[in-house]
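In what follows, residues are counted from 1 in the order of the sequence shown.
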Amino acid sequence: MTVLKTSMRNFFAHKGRMALSAVAVLLSVAFVCGTLVFTDTMNTTFDKLFAATSSDVTVSAENASDSGETTSDNGKPPVIPVSVLADVREVDGVKSAEGTVFSTSVTVVDGEKDSLSPTSGGPTIVGSWNANDARTMEITSGAAPGGPDQIMVDADTADKHDLKLGDEIGVINVVGTHTAKISGIADFTVTNPGAAIFYLDTKTAQQVLVGESGVYTNVNVTAAADVSDVQLKKNVLAGLGGDYKVQTAEETAEANQKDVEEFMNVMKYAMLGFAGIAFLVGIFLIVNTFSMLVAQRTREIGLMRAIGSSRKQVNRSVLAEALLLGVTGSVLGVGAGVGLAVGLMKLMGMMGMELSTDDLTVAWTTPVVGLVLGVVVTVLAAYLPARRAGRISPMAALRDAGTPADRKAGWTRGVVGLVLTGAGGAALYLAGTADKAADGSLWLGLGVVLSLIGFVAVGPVLASGVVRVLGAVLLRAFGPVGRMAERNALRNPRRTGATGAALMIGLALVACLSVVGSSMVASATEELDKTVGTDFIIQNDRGQPITPQAVEAVKSVRALDRVTEYKWTEADFTTPDGKTVKDTAITAADPTYATDLRVETVAGKLADAYRPGSMSVHEDFAKDHRIDIGSKIEVAFKEGSTGTLTVRAITSSEAVVDAGAMYTSIDTLAAYVPADKMPLDRLLFASAKDGQKDAAYKALKESLHDFPQYKVRDQTDYKQALKDQIGQLLNMIYGLLALAIVVAILGVVNTLALSVVERTREIGLMRAIGLSRRQLRRMIRMESVVIALFGALLGLGLGMGWGATAQQLLALEGLKVLDIPWPTIIGVFIGSAFVGLFAALVPAFRAGRMNVLNAIATD
């Protein structure tokens, strides 16, 4: 009980000093709990949506996907004949059945030809208005569509694009472009996850989406009373036979949820990984805080030992303080995490994915995980300072208090750090010289971990040398104040090393990712320059195929010399070694593609692969299946028949553009796949006539004005788009890493604040002999800057090493250019100086306000 009372007294006596450490715990726990609450809420939202939108039993085409995706290679949804509806209605246990048509391979535009698709990446769905949809949609104005000139839109899309009753919109798909006026607006009675939904009447939907009236995409079946979904499914299968896909509501919801969960799991574990980095950085802050508190209470602990306290009691006292800190920070963090989740939901709403707080899901495991993580990490971080406190002898009561316990880094720690750093460097070297990316990635991971731990351990040793160099370059110009700042940073290398290490971790990851991202862009740009021999690339950024109408619009541009069509589909390959490789992609293109993309071949000529009955394979596939020039491969085309193709070329497997592609001609594909099953073009390549590139570029954009879903890019545009995509990904990662950097900044603030308290008498004496407040504040700011720059130098150097090694692994995949983004690296280094200045604001202000006489009188 005495230990607890002592701990409580010390905790509240130093509550101001504990605050920043508590904030670090709070932020880390909040990020973990916020991530869990947000992803759980997303799952709950989609669970409710799929449960509400799934009929008791759904009948669809045999080749329709389990998750309800309706796009096929030819741009039309898989369909079933209308006769299925009558057959289903005759099945025992059926209360009602309704045929529906819908498609996601569509683009909807307003009267100005601007796309109405969600900017959040959600799907655009056009379908027939039916009773199943009426369960989840309520018509709030107007009426349901009743003819070919009418269409209904969901309220979220109408609000976002300012659509009103009577406005004309167009539906663009492979069948053509259909225009209609808005007859009604329907609002979701469940949460809209970000889709844009448009409704036509059934007859119009059949003609617009499929091009024929005698088909449905689904038949929605409602079970009679006392008939289970499972039993109804069995009855329907017995009545229809095995030519159709029949799913219960639970199976349909599970299939849809599976797709969502794959995305959600990637996002959840990525965010938890960044939360883990923040926890790691927070450990340094907590270690520093308790180390300095223990050092400042040396005399107090010595007196406790002198009057009978044992080492264990002192140790437990410090750990009890850490426990209080962990509990306080974690409890607040759990609450903040719920707030963070709500904030993320609002952010998703701004991006177009509406999430209702009514679905906010806080599982009992979330606060438990947050509390356990926060408390365990805090107590473990305080363990070493607690052990150090237990070793203080009673004789310490006779010495001056406030003297740092360790002025020099231990030799043992330095040697261990150097060994680990050396081992990490060796692992990184092995990663960089690996022959296979898979093997090298294991060495890279080991090298990153060992070098990071090694740098943390050897940090105090490095601090002595690096801070002196930084001091000579930056601080000596400030005269005595600069020299004092340097000496303050050097007086406790362990503290400086730990504070710098917290900032080092975040900046190392920033530097590593910057190098990798910049190298990827530079490599891809160089590869594009070497391999792409066409002027323009036309494609849909969402991966939708290009409609025949758009292809004709492109081909109508007179300034073009040639247009190359590019398709792909799947097939089963039976190779010369007798093996069958299922669901393998095969690319079909015009023969001019051999000119548009200069693919390196290791045998034969790519142009020969476009001869009738011919194809190419890539080098790795050829080695695995003993394929040479002239080998025969039996190819069973999806949606088509089986043919035997002759291998005329073997391409390099190290290509970056179209890596691993296997080519044949469109004419060869057409010989085995019926015209109505032929896949649509995925890309178009266009080359201008000599001297007409600018005119062709302008004319192409004008020709596709009615097809806003397709982008026309020249090589400069394509490179910029690639750079922007990688840049957006990096910016998102940097944003998540900002949490760790914020915690590191808190560590610098806390270190300086406690350092000021530790040096109270010293500050008073310096003020008494003439040091001005302005000089004192400058001294503390300079100390903070040099600590921040020390951490930045270590982090940026380490991160560039990691990034360069990772690039060597990417080189095995064809990305061979190492590009160091010096503007980013230099910008981060300079930014670290400003971080140091910012972190010193409050400690410097408090130091400047100290009463000189009270400071001198301080024990």
Check [X] against [Y] and note the closest heavy-atom contact, atom names and distance.
X	Y	value
Leu776	Ala847	CD2-O, 3.4 Å
Thr496	Ala489	OG1-O, 2.5 Å
Glu486	Gly471	OE1-CA, 3.8 Å
Ser330	Gly374	OG-CA, 3.1 Å
Ala501	Val456	CB-CG2, 4.3 Å
Gly506	Ile741	CA-CG1, 4.4 Å

Check the pair Tyr269 / Leu272 against side chain to side chain contact (heavy atoms under 4.5 Å, CB included), numbers first and verdict last.
-> CA-CA 5 Å; Tyr269 292 123; Leu272 289 177; 4.2 Å; yes
Side chains of [X] and [Y]: does their closest heavy-atom pair fall under 4.5 Å?
X	Y	answer
Trp802	Val515	no
Leu841	Leu837	no
Asp819	Val521	no
Leu27	Phe31	no
Met520	Val817	no
Val342	Phe38	no
Pro493	Val461	no
Ile505	Ile277	yes

Give, for atom [atom1] of [X] and atom [atom2] of [Y], the distance between the pair rounded to the nearest 0.5 Å.
X	Y	atom1	atom2	value
Phe455	Leu452	CZ	CG	9.5 Å
Leu450	Leu428	CG	CG	8.5 Å
Arg777	Ser772	CZ	OG	8.0 Å
Arg483	Met779	CZ	CE	13.5 Å
Ser832	Leu507	OG	CG	5.0 Å
Arg778	Leu475	CZ	CG	11.5 Å

Looking only at side chains, do Thr805 and Tyr429 share a donor and an acceptor under 3.5 Å apart?
-> no
Will you find, in the side chains of Asp724 and Gln720, an N or O donor that is under 3.5 Å from an N or O acceptor?
-> yes
Any donor-acceptor N/O pair, Ser784 side chain to Gly836 backbone, under 3.5 Å =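 Yes, because the side chain of Ser784 sits within donor-acceptor range (under 3.5 Å) of the backbone of Gly836.
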Spell out, as yes or no, whether a donor-acceptor pair under 3.5 Å connects the side chain of Arg468 to the backbone of Ser464.
-> yes
Which of these passes side-chain contact (heavy atoms from CB on, under 4.5 Å) with Val467: Leu462, Leu789, Ile787, Leu490?
->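 With Val467 as partner, Leu462, Leu789, Ile787, Leu490 yield a single side-chain contact (heavy atoms from CB on, under 4.5 Å), made by Leu490.
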Quick one: do Leu340 and Val37 satisfy side chain to side chain contact (heavy atoms under 4.5 Å, CB included)? Show the steps, please.
-> CA-CA 9 Å; Leu340 177 62; Val37 171; over 6 Å; no
Working for side chain to side chain contact (heavy atoms under 4.5 Å, CB included), residues Leu793 and Leu470 | CA-CA 10 Å; Leu793 274 177; Leu470 289 172; 3.9 Å; yes
Within a radius of less than 6.0 Å around CZ of Phe829, do more than 12 heavy atoms belonging to other residues, nucleotides or ligands occur?
->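 Yes.
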Within 6.0 angstrom of Tyr734 OH, more than 12 heavy atoms from elsewhere | yes
Would you please test Phe274 and Thr35 for side chain to side chain contact (heavy atoms under 4.5 Å, CB included) and show each step?
-> CA-CA 11 Å; Phe274 287 103; Thr35 297; over 6 Å; no
